[in-house]
Asks: 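Mind having a look at this structure? Questions to follow.
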2 protein chains.
Amino acid sequence: MTVTIYDVAREANVSMATVSRVVNGNPNVKPSTRKKVLATIERLGYRPNAVARGLASKKTTTVGAIIPDISNIFFSELARGIEDIATMYKYNIILSNSDSKKENELQLINTMLEKQVDGILFMGGNITDEHIQQFKTSSVPVVLAATYDSSNEIPSVNIDYELAGYEATKDLIENNNNQQPAIVISVPDAPVNKLKYEGYLRALEESNIEFSEELVITVDYSYDGGITAAEKLLELEALPSSVFVTFDEVAIGVIHGFQDRGYNVPEDIQVFGFDNTKLAKMVRPTLSTVVQPMYDIGAVAMRLLTKYMNKEEVTDKNVVLPHRLEKRNSTTSN
Amino acid sequence: MTVTIYDVAREANVSMATVSRVVNGNPNVKPSTRKKVLATIERLGYRPNAVARGLASKKTTTVGAIIPDISNIFFSELARGIEDIATMYKYNIILSNSDSKKENELQLINTMLEKQVDGILFMGGNITDEHIQQFKTSSVPVVLAATYDSSNEIPSVNIDYELAGYEATKDLIENNNNQQPAIVISVPDAPVNKLKYEGYLRALEESNIEFSEELVITVDYSYDGGITAAEKLLELEALPSSVFVTFDEVAIGVIHGFQDRGYNVPEDIQVFGFDNTKLAKMVRPTLSTVVQPMYDIGAVAMRLLTKYMNKEEVTDKNVVLPHRLEKRNSTTSN
DNA sequence: GTGAAAGCGCTAACAA
DNA sequence: TTGTTAGCGCTTTCAC
């Protein structure tokens, strides 16, 4: 049926070891026999069986990627970064969605390990001790992408969320006469979001702004969550002059929530987002936001993982990529 | 090092065959020995090696998904549909991006086959004879998702693109005093887009509208492409009263292109999109569009693939899912 | 530069 | 109900 290395060996009058050498680019093969082998491979349409190879070599050139939700624009960009670098290094990706549920995550890690992946790229919300435990006892390296582990035990690639939150808030404060910006938080339990909030608080503190709790709004991580947030903000006695929204998609909902009720952004209220997904340029007014380089995070995380898989030396185990503020029209009246 | 089925067998005083039976849920095991085996599996932390299993059983419970670009919101929704059904049937997905390049596509198919996937889900633009050839000689089933193969030889899941294009155009014609809507096309060589265009032409014909070629605009498949399209439209002697844009993302660019130049949608020009990605509700005015059920296409395609993989009988090899028009504010002055 | 042979960890007859 | 024994298709010593 399927043609094996053994068939090729027989047809080419060499041993299977030689065929294996040719297939794997081992230099210890006489050019003439290499040519002969290559010819019969071509003739028979031989295609190496990666599963058999994996069993014999204990390497599958496959890595597992556990991601909350690939249909989320943030993660799909991240995934693209991962994929591109993986391809560059000849790895394939087994991609699975966890919906950020611990149970799914732990289960998926196990499945990936069963499939003998050479490494795991993990994206998630909350890293629990159980996660850490599983990562540390894993037989293959694990790298976290856009996922914060406060213990810093697991290699990771992130931006400085606290600083980013601080800077965005600071910008809003400075442009609004030292008034407290509101903040719209989603998935408040996820450490990265806590960090954004901490940055927000630090900025308030530094500007000696008296903190009003009612300006902290928690809503779903969704466009509709943003609409809801706008409604909540409009129910307050006084509309704050600005709002920091911790996800672009939610921020766009906030903008439209205001606009649909006759308010103008940025005139009535300025809106600052977070992530710089491509959505940020696809609204009117365009969204000022914190640039988080999703693609790069994915790419760098994958690169880092290859280093671990190849047992290369790693100097920087917890990579912090630069971020910046991109000011657009949702904060700038012009 | 790693604990194998053999270790478990020894520790539990049974043969590896029995352990295998327990692991695979084979009922021919006495409950007491099953319990004993399970206990030692637990105790030793045994984790079955899927690669060895794959080699022995010739099944990997892994399917390959070849997708143009996972960071595209359309495909990422599709991918989610695929993934969810795959999980339901205990399959894992190897996901790869092709950027719709034939060379990559062919290469990826080959890689997937080397990895011994049990089936392939293919999404792409142009299906050439070479593709068909490779699919037909593939040792595992292949299903196309949102990808048109005019020969209908390969199993597929689609909507009726021609009809959808026809209906959208028809709607625009009827709401605009029989004037020819413009059409903005991206990736014109892809058969699905040709079909949309054919539907457009049929609608014109049916309404006895004299066809003006200058109302056919071709731009990149991107938001910026939409901006460009709006510019091109504004360069015409007379602005058409409506435009059918064959992708939502481009349509949103078109809307903003007009708005940024002081024109109003739908008052100055109506805009109709295609796909109903979640972007459609995230613009103002909200986008009227053809609802293409991406998630369902992915899910149904994966389900279809499982049928082929299990050698179940398939009654409907080329599935055509229903679509509909979702009228929103980009075509309805209110 | 090439070949022989022993696994890799498991499944699946076939026996018992 | 359980065990024995071939492989699955390849890599990788170790000889020659």
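When reading the values below, keep in mind they use all heavy atoms of this one structure, side chains included, and skip hydrogens, waters and symmetry mates. Protein chains get the first letters and strands the later ones, always in sequence-line order, with residue 1 at the start of each.
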Asks: Roughly how many Å is it from CG in A:Asn24 to P in D:dT11, rounded to a whole number?
Replies: 5 Å

Asks: Whole angstroms only, please: what is the CG-P distance between A:Asp7 and D:dC8?
Replies: 11 Å

Asks: Sequence neighbours left out, what passes side-chain contact (heavy atoms from CB on, under 4.5 Å) with A:Lys59? Give chain and number order.
Replies: A:Ser57, A:Asp118

Asks: Between B:Lys36 and B:Glu11, is the closest basic N to carboxylate O distance under 4.0 Å?
Replies: no

Asks: Side chains of B:Lys102 and B:Asn126: is there a donor and an acceptor less than 3.5 Å apart?
Replies: no

Asks: For the pair made of CG in A:Asn26 and C1' in D:dT13, what is the distance, rounded to whole Å?
Replies: 13 Å

Asks: Are side-chain N/O atoms of B:Asn24 and B:Ser20 paired as donor and acceptor at under 3.5 Å?
Replies: yes

Asks: Got a donor-acceptor contact below 3.5 angstrom from the B:Thr62 side chain to the B:Ile93 backbone?
Replies: no

Asks: Scan side-chain atoms only and decide if A:Ser71 and A:Asp69 contain a donor-acceptor pair under the 3.5 Å cut-off.
Replies: yes

Asks: Return the 5'-most residue of the pair B:Leu55, B:Pro31 with respect to DNA chain D, ranking by each residue's nearest nucleotide.
Replies: B:Pro31

Asks: Using whole Å, what does the distance between atom P of nucleotide D:dT12 and atom CG of A:Asn28 come to?
Replies: 13 Å

Asks: Between which residue ranges does DNA chain C form stems of three or more consecutive Watson-Crick or G-U wobble pairs, both distances under 3.5 Å?
Replies: C:1-16 with D:1-16

Asks: Write down the distance between CD (A:Gln116) and P (D:dC10), rounded to a whole number of angstrom.
Replies: 19 Å

Asks: Enumerate the ring pair (Phe, Tyr, Trp, His ring centres under 6.0 Å) contacts for residues 91-134 of chain A, please, sequence neighbours excluded, ordered by first and then second residue.
Replies: A:Phe122-A:His131, A:Phe122-A:Phe135

Asks: Tell me every residue that passes side-chain contact (heavy atoms from CB on, under 4.5 Å) with A:Asn110, counting only those two or more places apart in sequence or in another chain.
Replies: A:Glu114, A:Gln134, B:Arg47

Asks: Please state how far atom CD1 in A:Ile5 lies from atom P in D:dT12, giving the value in whole angstrom units.
Replies: 11 Å

Asks: Which two nucleotides bound the region of DNA chain C that has atoms under 4.0 Å from heavy atoms of chain A, read 5' to 3'?
Replies: C:dG1 to C:dG9

Asks: Restricting to nitrogen or oxygen on both sides, can you table the protein-nucleotides 3-7 of chain D pairs closer than 3.5 Å?
Replies:
| unit_1 | atom_1 | unit_2 | atom_2 | d |
| --- | --- | --- | --- | --- |
| D:dG3 | OP2 | B:Ser15 | N | 2.8 |
| D:dG3 | OP2 | B:Ser15 | OG | 3.2 |
| D:dG3 | OP2 | B:Thr18 | OG1 | 2.7 |
| D:dG3 | N7 | B:Arg21 | NH1 | 3.4 |
| D:dG3 | N7 | B:Arg21 | NH2 | 3.4 |
| D:dG3 | O6 | B:Arg21 | NH2 | 2.4 |

Asks: Side chains of B:Asn318 and B:Ser156: is there a donor and an acceptor less than 3.5 Å apart?
Replies: yes

Asks: Which part of the nucleic acid, if any, lies within contact of B:Asn49, taking any heavy atom under 4.0 Å across all strands shown: a base, the sugar-phosphate backbone alone, or nothing?
Replies: sugar-phosphate

Asks: Between B:Arg303 and B:Asp84, does any side-chain N to carboxylate O distance fall below 4.0 Å?
Replies: no

Asks: Please figure out whether A:Val29 or B:Val23 has its closest DNA chain C nucleotide nearer the 5' end.
Replies: A:Val29

Asks: Answer yes or no: is there a donor N or O on one side and an acceptor on the other, between the side chain of A:Asp7 and the main chain of A:Thr4, under 3.5 Å?
Replies: yes

